[in-house]
Structures are given as structure tokens and as C-alpha cells.
Amino acid sequence: DWSSDVCSSDLVICNDQRFEQLKAAELNSVEIYSGLSVINDLVQLDKIDIVLNSLVGFAGFQPTFNALLAGKRVALANKESLVVGGRLITNLVNSTGAELIPVDSEHSAMLQCMVGEPKNRIEKIIITASGGPFRDYSPDQMSNISVEQALKHPNWDMGAKITIDSSTMMNKGLEIIEAHWLFDLPVEKIEPVIHPQSIVHSIVTYVDGSSKAQLGPPDMKVPIIYALTYPNRLQLESPRMDWTKQQELTFYPVDYSKFPCVKLAMEVIDDQDLAPAILNAANEIAVQRFLNREISYISIPKIVEKSLEKLTDSTEISLQNLINIDKETREFASRIN
Ligand code: MG
């Protein structure tokens with residue numbers, strides 16, 4: 001029974017090949033476990049208070065679900081948990097009293113702006129986006145984007161998948177879905193805005209016309225620590241703004257014709273229950289295929305759109321239905337062009 005011996009320096013890996021390599025490395029005093037099922041059990045252990053979930057993609061859904069089921073605080077950096085199964089996750093939070101605290105910098109900003117405010121006094125959320133490296137590209141330039149160009153993000157240092165998602169702005173689309181579920185707001189009340197400096201992490205406007213924003217240099221340490229310590233704050237050696245220095249903060253509307261992924265994501269919110277799961281799975285496959293140089297950059301939204309047209313069904317949301325539609329979408333999105 002591993003669960004009684006597991007300790008904070010232990011490690012779980014889901015890649016069988018790497019598991020063998022790690023085992024062979026004989027790391028001092030680190031136990032190594034293998035398999036997603038171990039993670040799914042691990043997050044429910046009594047000795048665990050907080051689960052910080054930063055898995056990438058739909059793989060992160062079940063650990064979030066299980067941790068909430070066990071009444072844990074989940075510090076959520078896996079946005080797909082809410083994107084694909086928002087209804088299941090929020091029902092679970094409401095019924096178990098578990099806590100779901102966002103780590104995503106925009107949602108952390110929203111939460112920080114909402115502390116002490118009555119929820120029904122929110123008029124609108126303005127979610128900021130850097131606009132990625134292609135915000136000034138012409139439609140013509142957009143059609144010739146290479147993998148190397150897309151992997152360079154101007155402000156944030158992140159993994160490959162999310163860097164591509166930032167450049168297509170699908171990341172913002174997924175974050176709008178995430179905000180919809182986290183704060184129980186209709187999509188009409190969530191507005192994306194391009195803010196190239198990534199200093200204002202999001203804005204909440206209230207019914208009296210007052211807006212609150214959370215600002216700071218782009219640094220993921222801040223939202224991570226906030227999610228662990230909320231509603232308190234910890235002393236942190238992070239970069240500071242120098243507000244005495246002359247500088248400009250600029251804001252632009254989103255050009256949906258250049259970034260169709262944002263619109264696609266906003267539309268699935270009021271679509272059928274499984275539509276966000278289709279959007280997410282199709283996007284994961286399309287991004288991977290782009291990184292493998294199988295498809296062009298502008299094919300990413302096309303594959304997502306075709307998958308939504310072909311696969312959207314009226315089946316109601318359940319864990320099993322999510323797993324099924326995820327698999328079906330991945331197969332479909334892998335073979336279309
Ligand atoms: Mg974000």
C-alpha cells in the first residue's frame with residue numbers, strides 16, 4: 001500500500017518510458033510511482049490539504065475532479081478542467097464545500113478584484129490578452145507562420161502548447177470559458193481586450209461604473225502563491241512595478257477575423273454541453289499537428305471549427321461522456337485537413 005508511505009519529495013510520472021529511466025537514475029530518497037491512476041488516488045489522500053494542478057490538457061480533468069470530491073482546496077492551473085467539464089466541476093464545488101482557486105493570472109486578478117464585493121454587483125469582466133506575437137500581422141502574414149515564430153511569446157515564458165494557444169488567442173477563448181464557470185457569469189459579461197504590456201492582468205467593472213484592476217509585472221509566482229494562501233498574502237521576492245517611471249499601458253479591441261479561435265470558444269459556451277470538450281480536444285490535436293509540421297498555422301482554427309460542426313451532439317454531460325467525446329474528437333481531428 002503506497003498511500004501510507006508517500007511523502008512530499010515523491011514523484012509520479014505517467015510516461016512509461018521515462019519511468020524506467022527515472023527508476024534507473026536511483027534518485028536519493030525519492031520514491032517514484034507511475035500512472036495517471038496513482039495521481040487520481042494521490043489527490044484524495046487525507047494528509048493532502050491543497051492540490052496544485054498544473055497538468056496540461058484534458059489529462060488534468062480527473063485529478064481536479066477527484067480532489068474536489070475529497071473536499072480539497074484545488075489551486076487550478078489546468079484550465080481544461082473547467083473548460084471541458086465546467087458544469088460537473090462547479091456542481092461538485094457547490095455540493096462538497098471544496099475550494100477551487102484559480103492560478104491562471106487573469107482569473108487570479110479577477111478574484112483579487114472581487115474580494116469584499118457582492119457578486120451580484122458585477123457588471124462586466126474585462127479579460128486582458130497580450131495578443132501574442134502576431135497581433136500586428138496582416139492576414140497575409142498570418143498564413144505563413146512557422147513553428148519557430150509561433151513559439152516565441154513576447155511577455156510570458158510558458159510551455160509549447162500554451163504558447164501556441166496564446167498566439168492563436170485560443171488561450172483567451174479557453175480563459176473566457178474558464179471565467180464563465182469560475183464566476184458564474186454569462187459570456188455576454190466577459191469581454192476580451194488586447195493589452196500588449198501584460199501589466200493589467202484583468203479588470204472587473206461594477207454596477208456603479210467603477211472598475212477595479214489587478215496589476216503587476218508578468219510573473220506566475222504571484223498568482224501561484226496567492227492561490228495557496230488566499231485570502232492572505234505572503235511576502236514575495238517578485239519584481240515590482242516602478243510607478244514613478246514614465247510608461248504607457250495600452251488597450252485595443254480584439255480583431256476576431258484574425259483570431260477566429262476566440263469567437264469559436266465564446267460560441268461553445270451557450271452551445272450543447274459537450275461542445276467545449278470538442279473545442280478543447282480538437283485544438284489540442286491541431287496544435288500538436290502544427291508543432292509536428294503536419295498542418296499550417298491557419299489550419300488550427302479550421303480543424304476546430306470542422307470538429308465542432310461534425311461532432312456536436314446533445315448527449316448530456318458526465319465523466320464517461322466527456323471521456324468518449326474527447327477520444328472521438330481526437331480521432332476525427334487527427335485525420336482531417
Ligand atoms: Mg492566463
Side-chain angles (χ1 to χ4, degrees), residues 52-58 60-61 64 74-84 86 89 100-114 125-135 150-183 185 187 190-204 212-228 230 238-239 249 251-252 254 259 261-266 268-269 276 279-280 283-284 287 300:
L52 171 66
N53 182 354
S54 59
L55 291 166
V56 178
F58 180 61
F61 177 79
T64 299
V74 176
L76 191 67
N78 172 261
K79 62 191 74 179
E80 291 82 357
S81 294
L82 277 171
V83 170
V84 301
I89 296 287
L100 186 62
I101 313 288
V103 169
D104 215 339
S105 60
E106 294 81 355
H107 305 77
S108 176
M110 295 168 198
L111 178 64
Q112 294 180 54
C113 295
M114 287 177 194
I125 286 178
I126 292 89
I127 180 166
T128 52
S130 72
F134 310 129
R135 63 172 175 264
L151 282 177
K152 280 199 194 102
H153 192 279
N155 303 346
W156 298 92
D157 187 7
M158 309 176 288
K161 161 73 167 56
I162 190 169
T163 303
I164 303 296
D165 283 348
S166 293
S167 76
T168 62
M169 290 192 70
M170 179 58 97
N171 184 53
K172 210 47 52 182
L174 299 178
E175 288 180 349
I176 291 171
I177 303 174
E178 194 184 0
H180 159 72
W181 288 111
L182 262 177
F183 303 114
L185 287 171
V187 62
I190 309 169
E191 192 169 22
V193 160
I194 292 187
H195 167 51
Q197 295 85 9
S198 295
I199 298 293
V200 176
H201 300 307
S202 275
I203 303 164
V204 181
K212 291 167 89 172
Q214 187 260 340
L215 298 84
D219 182 347
M220 283 309 297
K221 285 198 279 298
V222 179
I224 292 169
I225 298 294
Y226 190 71
L228 299 178
Y230 166 88
S238 60
L249 298 177
F251 301 88
Y252 308 93
V254 176
F259 297 106
C261 287
V262 189
K263 259 272 148 17
L264 287 171
M266 291 170 90
V268 298
I269 291 179
L279 172 100
N280 177 66
N283 180 59
E284 281 188 32
V287 168
I300 296 173

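Position 1 is the first residue of the sequence, and the numbers go up from there. Indexing begins at 1, ligand by ligand and atom by atom, following the structure's order. Just so it is clear, the structure is predicted and the values come from calculations on it, not from any experiment.
For the pair Asn78 (side chain) and Ser81 (backbone), a donor-acceptor distance under 3.5 Å is present. With His201 contributing its side chain and Ser108 its backbone, the two residues share no donor-acceptor pair below 3.5 Å. No donor-acceptor pair closer than 3.5 Å links the side chain of Lys263 to the backbone N or O of Gly173.
When each of Lys79, Glu106, Lys161 is paired with Asn171, the side chain to side chain donor-acceptor pair (under 3.5 Å) condition holds for Lys79 and for no other.
Aromatic ring orientation, Phe58 versus Phe61: parallel (interplanar angle below 30°, classes split at 30° and 60°).
Side chain to side chain, Thr64 and Asn53 meet the donor-acceptor criterion of an N or O pair below 3.5 Å.
For the Mg ion (ligand 1), protein N, O or S atoms closer than 2.8 Å were enumerated as Asp104 OD1, Glu106 OE1, Glu175 OE2, with waters left out.
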